[in-house]
2 protein chains.
Amino acid sequence: MSQKYVYTFGAGKADGKADMKLLLGGKGANLAEMSNLGIPVPAGFTISTEICTEYYASGGQYSDEVKKQVKTGVESIEKTMGAKFGDIKNPLLVSVRSGAPASMPGMMDTVLNLGLNDDTVKGIIEQSGNERFGWDSYRRFVQMYGDVVMGMKPESKEEEDPFEVIIDEMKEKKGIQLDTELSADDLRELVSQFKAEIKRRTGKDFPTDPWEQLWGSISAVFGSWNNQRALTYRKLNNIPANWGTAVNVQAMVFGNMGDDCATGVAFTRDPATGNRIFYGEYLINAQGEDVVAGTRTPQPVNEATRSEASQKTLEEIMPAAYKELEAIYQKLEKHYKDMQDIEFTIQKGRLWMLQTRNGKRTAAAAVRIAVEMVEEGLIDKKTAVMRVEPEQLDQLLHPMFDPKADINVIATGLPASPGAATGRIVFHADDAEEWAAKGEDVILVRIETSPEDIGGMNVAKGILTARGGMTSHAAVVARGMGTCCVAGCGAIKLSYKDKTMTVGGNTYNEGDWISLDGSKGSVIEGKVPTIDPVLSGNFGTLMEWADEFRKIQVRTNSDTPHDSEVARNFGAQGIGLCRTEHMFFEGDRIIAVREMILSNDEDGRRKALEKLLPYQRDDFYGIFKAMHDLPVTIRTLDPPLHEFLPHEEDNQKEMADQMGISVEEVKAKVDSLHEFNPMLGHRGCRLGITYPEITEMQARAIIEAACQLKKEGVNVLPEIMIPLIGTKAELANQKKVVVETATKVMEEMGIKVEYMVGTMIEIPRAALTADEVAEEAQFFSFGTNDLTQMTFGYSRDDAGKFLAEYDQKGILPDDPFQTLDQTGVGQLVEIAVKKGRSTKPDLKIGICGEHGGDPRSVGFCHRVGMNYVSCSPYRVPIARLAAAQEAIRTA
Amino acid sequence: MSQKYVYTFGAGKADGKADMKLLLGGKGANLAEMSNLGIPVPAGFTISTEICTEYYASGGQYSDEVKKQVKTGVESIEKTMGAKFGDIKNPLLVSVRSGAPASMPGMMDTVLNLGLNDDTVKGIIEQSGNERFGWDSYRRFVQMYGDVVMGMKPESKEEEDPFEVIIDEMKEKKGIQLDTELSADDLRELVSQFKAEIKRRTGKDFPTDPWEQLWGSISAVFGSWNNQRALTYRKLNNIPANWGTAVNVQAMVFGNMGDDCATGVAFTRDPATGNRIFYGEYLINAQGEDVVAGTRTPQPVNEATRSEASQKTLEEIMPAAYKELEAIYQKLEKHYKDMQDIEFTIQKGRLWMLQTRNGKRTAAAAVRIAVEMVEEGLIDKKTAVMRVEPEQLDQLLHPMFDPKADINVIATGLPASPGAATGRIVFHADDAEEWAAKGEDVILVRIETSPEDIGGMNVAKGILTARGGMTSHAAVVARGMGTCCVAGCGAIKLSYKDKTMTVGGNTYNEGDWISLDGSKGSVIEGKVPTIDPVLSGNFGTLMEWADEFRKIQVRTNSDTPHDSEVARNFGAQGIGLCRTEHMFFEGDRIIAVREMILSNDEDGRRKALEKLLPYQRDDFYGIFKAMHDLPVTIRTLDPPLHEFLPHEEDNQKEMADQMGISVEEVKAKVDSLHEFNPMLGHRGCRLGITYPEITEMQARAIIEAACQLKKEGVNVLPEIMIPLIGTKAELANQKKVVVETATKVMEEMGIKVEYMVGTMIEIPRAALTADEVAEEAQFFSFGTNDLTQMTFGYSRDDAGKFLAEYDQKGILPDDPFQTLDQTGVGQLVEIAVKKGRSTKPDLKIGICGEHGGDPRSVGFCHRVGMNYVSCSPYRVPIARLAAAQEAIRTA
């Protein structure tokens, strides 16, 4: 027997079924499934995706076997529908539609009303008893076929469709406005003009043979798999190019044959809220495209969907068909065990189902539907956990703009930290603090931010930067704070001097209102009302279920007691990264920090560090207390010292005054600390090795705080983490300082606390020599931001200049700073896990780079056997869900 | 039988022999070997290095077995020498000396004349018939023992030795100048005062028991293995700490008993030239230390060594002893088959040999001796090739200062490019060119250099920079040019404005003379005469022999026809790296380059590139011609574009004038191209991907030049190399541009040339995904400078700030920019070689980073199976020799 390429469906049976999506595409598989369920589906057949592959391999040829099976398929439709392809009396008309394994809505081509020609149009007129309908169908077919198959559709959007030009001329000549005003004769005339135009432009006659029409359309649909839109969509949605599309050939049914006809779309539950109501819209005497086009206002299918009293429901107007539809939707939801998005047509009172698929839904709806379906006994917890996209949860955790508001987007940058914010423009962090103190909502607008700006960032409602990527300072800090941020918005030009922001020819001054949508990256003129998120009980339930499956722990990156508490409420199981440098900027501390930097000897540095000690101890005390009973990983000082000195002349003067030295001295120090490539410079453990007294002070602050809390009966679990280790000797050096200090402090305080000393793995060399490094480390934490920078040789602050182009040219599948590059960087992670555990089989391993909150990266971390991921507080639920899903997938 | 720890020698036999160095140390093994050869050696024994290990393990204790064997050893000496340890009549005196497996001259402690006390001194006086000699020997012993064993030696160099203080007091009291003027009574008095001072300071009596003296000295010598000097020396010379030292206890012989006594040192060939003459010095009536101390002028041993007619040779004065010495040196050289460095003492007319070892020699001597010894049939070619340190060859290839000149070193920086240079200070590259054009010798002094300075660097005799490491721009370019360079000399402070250089309180102006020793890193005040290198025929012979063993090819890094020829003369087998960016700065080209950068669209860039095309084509024409029949690897543009724009205000003005635009426009472009971390920024293939027209122009220039030469009958082998590849897709993108351009050019010119397209492997990710990258690459070339930067996360321009400290604290064994880090970076190299060849088994693989000229790194490249190394022209011979040695070692 030959291989099967063509799968028929209709009349209560089918060759295919729902789980054959890869072969039949989503649409074809579901049409088959509906047929098998006895649901009325216009008869048809699906040409499998294998033929798409063959189509490209053979340069557009079909084997005799395929041709034979298609012929048999058409015969099967003819038999079921009681009409004949090309017949003059009772012609069969078909649609030819794409149907890929993954949904690619509107990306590929479709041909409707196929089978019409100057002869068969007469049969349709006779069958429908409607001359205008016949000619309108024919006109639509010629236009669609001309566009899709014969290449009449202009390539650029600026050019007009030649058929529309002809229609417009006709309407002008007749002095009418709407297509619906065209008479049957006008439409017949249009068919004739359309054909002439096709001949003129292509040199080819419009094909009258239905078989030629059919094969032309099938090829056009296969060909559209590789059109530009489809390519782009697949790239964006990670759909493999080699899947190919199936082609569905199906008998036409018409919702526009008269007032006993209708067409509609519906959801088996409310896709916005998840509410368990049948939710849909329909139009009397219309085709599917009319519902979408918006030229007529669709009506609600039922009472539950009705919003105004004047609306006529399908339930009222066609009660029998509605009743049947209701039974079908219930059957479908029960069968698919998921909310369905369905399309139907009623032709002369008879209901036909054209499509069913899992419906798209908001995050809130996704959570509610998943939880309620478990309660209804439709699905189990595992399925519910798999039903919600982790990334979607972000919507639930941040404020958003009122969707009804009119907005004027003036620029778009990177969606660096989600949420929505409205406030008045300020250009300096100091101003932000000052304005906020007076009760003003501010948006901090900067070319880029630096650690000096932390105070202003903290009080701002939103942050907008002209430069920097998804892991720039602004982005990372904003996400940590849960503050909305749009980064790298190159379209805005700033003048700090004039305090102005110019974009698209308009200039905005300090104090002007703008709004930011951090989830989309939009910069919006003026105020936009926001709505705050409310977390439902369903959310909590779903997260609990997720935790039942999850294997890997989820910690948070947090530098303050407040953030720690936020994260704890989101379910964080500890702190994976507490950066100590942010603490250096608060209040008067920066003066002591600068004193230390300006000191030319150890004594001077020690004196300045002594002033910092009580501050740091208090910081750690607060964080340890908030995270009682949970581990807290504290990273010793990481950034290069010049980050703590002012780089703008004004601020240098201010610092000089504050410290009673000359501006020249400040400048000289800034100069002497200047680095060509600070990311690869004197920072991380390299600082601690040069200035062991800094590490010593930090270790002392940590252990003193821990001892104090233990005396107060609070259980603390400090983990001291040394950054930027590249060799075992570096870690040994810093560990010695920490252990000696800790031992001394515990003796002084007369109490012992358990603590660990471990290291970041963020330098490629540390990963490569992890077996050696593990000899000194009690834990590893992957700093995948730096690891990605060094493995790719990309500076995250500069890479924006070419990464956009890389994305466009398809050189990188993802931004490696957002989603861990498993192919390259991932190898180093795997090497380090393997080598680290070869030295210490129980080595605790986690990740504290930005990737710790990215669902795909969380999956990777689970698979390589990490103990935990750590991410910003607002991504903790996302990581929990992603980790649970990965555990389920790999179980 | 117990294990043997003590090995005796003397009287024509010995327990040990020359190849037992690891156990007996170099000195002990050679003393044993000499004994076995029947050469007169004072009897003694060696305590093996195993006891050093035991000494540290046991906290300074010795087992009974060791004590027993030492006792037997002393008895054996007594028997051979006919004297008795501690005997009042005929006491045996011994020396206790260290002797490590590797030579560590002067690093550890020694005790001489051991066995003396108030009783035995009388016996010595009687035996020698010389009272003053007896008391002087005793005085020396107490002083040495006090210093070495009893801790009297001050720890800091500022403090005076307490014994010297006492001697000075005595001389002052007696009104004399020299130690030799002290009488026997004075010396006896000193012994007594010394002992009193020891008691006062240490609370301990000076030990009178010779056995106590002996064990104290043995322990002191073992203990000195870990003194600070020894630790530092071992680190510098890569001597393992766990080797330990042996201890040699040997009967004393005296060259200072009278005028029938003498002591001397000699070499079996001239260590400066390698000339085959017996070359040595001696002193009558003196101890070994007197020859070294320089208080008396040593005399030549023979006619061949004599430089002044007034000198008295040993040959004349003690003909019998000299004759014996001559026989012994010939025997030793024949036996050891290498030039020997020997020490001898003549006691009352009798010759004793105290030491023999392979002699240190200059590079010229090393080459000559190695080649002549093959001619003499003493060694084979393989041995000769192994006899010369590759690194030493550097001495032969560069000018050096006249060793007789008096010099005043005013500062020391990194020895960045070897050689010696004298010239007048200039601070700007433009000035250098101007002055040089007038015939002045100039030294270019800069804070750091940048590609803009290339013209000035090219004409300077030497280059001095205040910042930057061994692989800074200045260092790399200077080495390529063979120009002497001292880099990263932090002690000098420059003012470009005032045109001054300040160092150690002195200010030097433009035009002042300074000199640089690039082999030592010294900056010297004023002019110093230099001598030019002359390459001997022996050099050529040795290199030929090396090539017979060498497996890996040696290419050169060269950007000009001149450098290419220099390298070819040094034996380069092709160009491994031709950087195209240096060419962009010459003459008027920089204007076109800047036009390109300022263009805001592709058209503008193409127009500017068209102007560059003929220049680049000529460059490649010249280089291809110089390297006819050999492969030439050309790297497409690598540095970020801002490197081609001026950063100083003056130069920006100049550029604005030149190009007829405003300074603001120039500044705006410089600002817009600014990067936080340019090393990780928009450079390498990232440029070519953003601006394919640049790659296109370069490919066109390369292929046009190649086609032209082929037409002229010259065989060219171009290899086009894409830099900074991190993913296969990047290489595919650039390769496509190159191949399309090349195909077009060859069609246009009607001729075909063979060429290859390959990639640098310098991004860790490229190494990790080398299997994928190899699908697109025809060759790999490791850019280990960048690979080291990214694997360690060190910026080579900034790392100087902490690498010195890392070296000091023993965190890194070597500067990873000089010697490839085989542990970390080496793993990536091995991974890439393995993965690359898993895709293409015949993939051509080389290295073109600075490490290609480092002997140890060359060894590594050989071992991982590379096809070639490429290095700067002046290091080609070094690489050839290193490669040959590695091939011999691993054969």
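Letters A, B, ... are given to chains in the order of the sequence lines, protein chains preceding strands, and every chain is numbered from 1. Hydrogens, waters and symmetry mates are skipped; everything else that's a heavy atom, side chains included, is used. These figures come from a predicted structure and were not determined experimentally.
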Check your understanding: Between A/Leu812 and chain B, which part of the residue has a heavy atom less than 4.5 Å away: side chain, backbone, both or neither?
Key -> side chain
Point to revise | Region of B/Arg683 in contact with chain A, defined by heavy-atom distances below 4.5 Å | key: neither
Review point. Salt bridge between B/Glu649 and B/Lys667, side-chain N to carboxylate O under 4.0 Å?
Key: yes
Review point. Taking the side chain as C-beta and beyond, is there a heavy-atom pair between B/Asn677 and A/Asp798 under 4.5 Å?
Key: yes
Practice item. Could you look at A/Ser672 and say if it's the side chain, the backbone, both or neither that has a heavy atom under 4.5 Å from chain B? Key: backbone
Review point. With a cut-off of 6.0 Å (strictly less than), are more than 12 heavy atoms of other residues, nucleotides or ligands near CG of A/Asn600?
Key: no
Check your understanding: Would you call A/Ile689 and A/Gln734 a side-chain contact if the rule is heavy atoms closer than 4.5 Å?
Key -> yes
Practice item. Check whether B/Asp821 gets within reach of chain A through its side chain, its backbone, both or neither, counting any heavy atom under 4.5 Å. Key: side chain
Point to revise | Pairs of heavy atoms under 4.5 Å with chain A: top-ranked of B/Ala767, B/Pro678, B/Ala799 | key: B/Pro678
Review point. Looking at A/Ile763, A/Ile831, A/Thr727, which has the largest count of heavy-atom pairs under 4.5 Å with chain B?
Key: A/Ile763
Practice item. Would you check if B/Arg765 and A/Thr823 make a side-chain contact, meaning some heavy-atom pair closer than 4.5 Å? Key: yes
Point to revise | Side-chain H-bond candidate by donor/acceptor type, A/Asn733 with A/Glu730, under 3.5 Å | key: no
Practice item. State whether B/Glu805 and B/Lys809 are salt-bridged, where the test is any N-O pair (Lys NZ or Arg NE/NH1/NH2 against Asp/Glu carboxylate O) under 4.0 Å. Key: yes
Check your understanding: Among A/Gly681, A/Ala766, A/Gly726, A/Gly684, which has the most heavy-atom pairs under 4.5 Å with chain B?
Key -> A/Gly681
Review point. Going by an N to O cut-off under 4.0 Å, is there a salt bridge joining A/Lys736 and A/Glu740?
Key: yes
Check your understanding: Given a strict heavy-atom distance threshold of 4.5 Å, which part of A/Glu762 is in contact with chain B: side chain, backbone, both, or neither?
Key -> neither
Check your understanding: So which of B/Leu828, B/Ile811, B/Val825, B/Asp786 has the biggest tally of heavy-atom pairs under 4.5 Å with chain A?
Key -> B/Ile811
Study note, to complete from the structure: Ranking B/Ser795, B/Ala729, B/Ala732 by heavy-atom pairs under 4.5 Å to chain A gives rank one to B/Ser795
Point to revise | Interface moiety of A/Gln827 toward chain B, non-hydrogen atoms closer than 4.5 Å | key: side chain
Review point. In terms of heavy-atom pairs under 4.5 Å, which option from B/His682, B/Glu448, B/Arg686 contacts chain A the most?
Key: B/Arg686
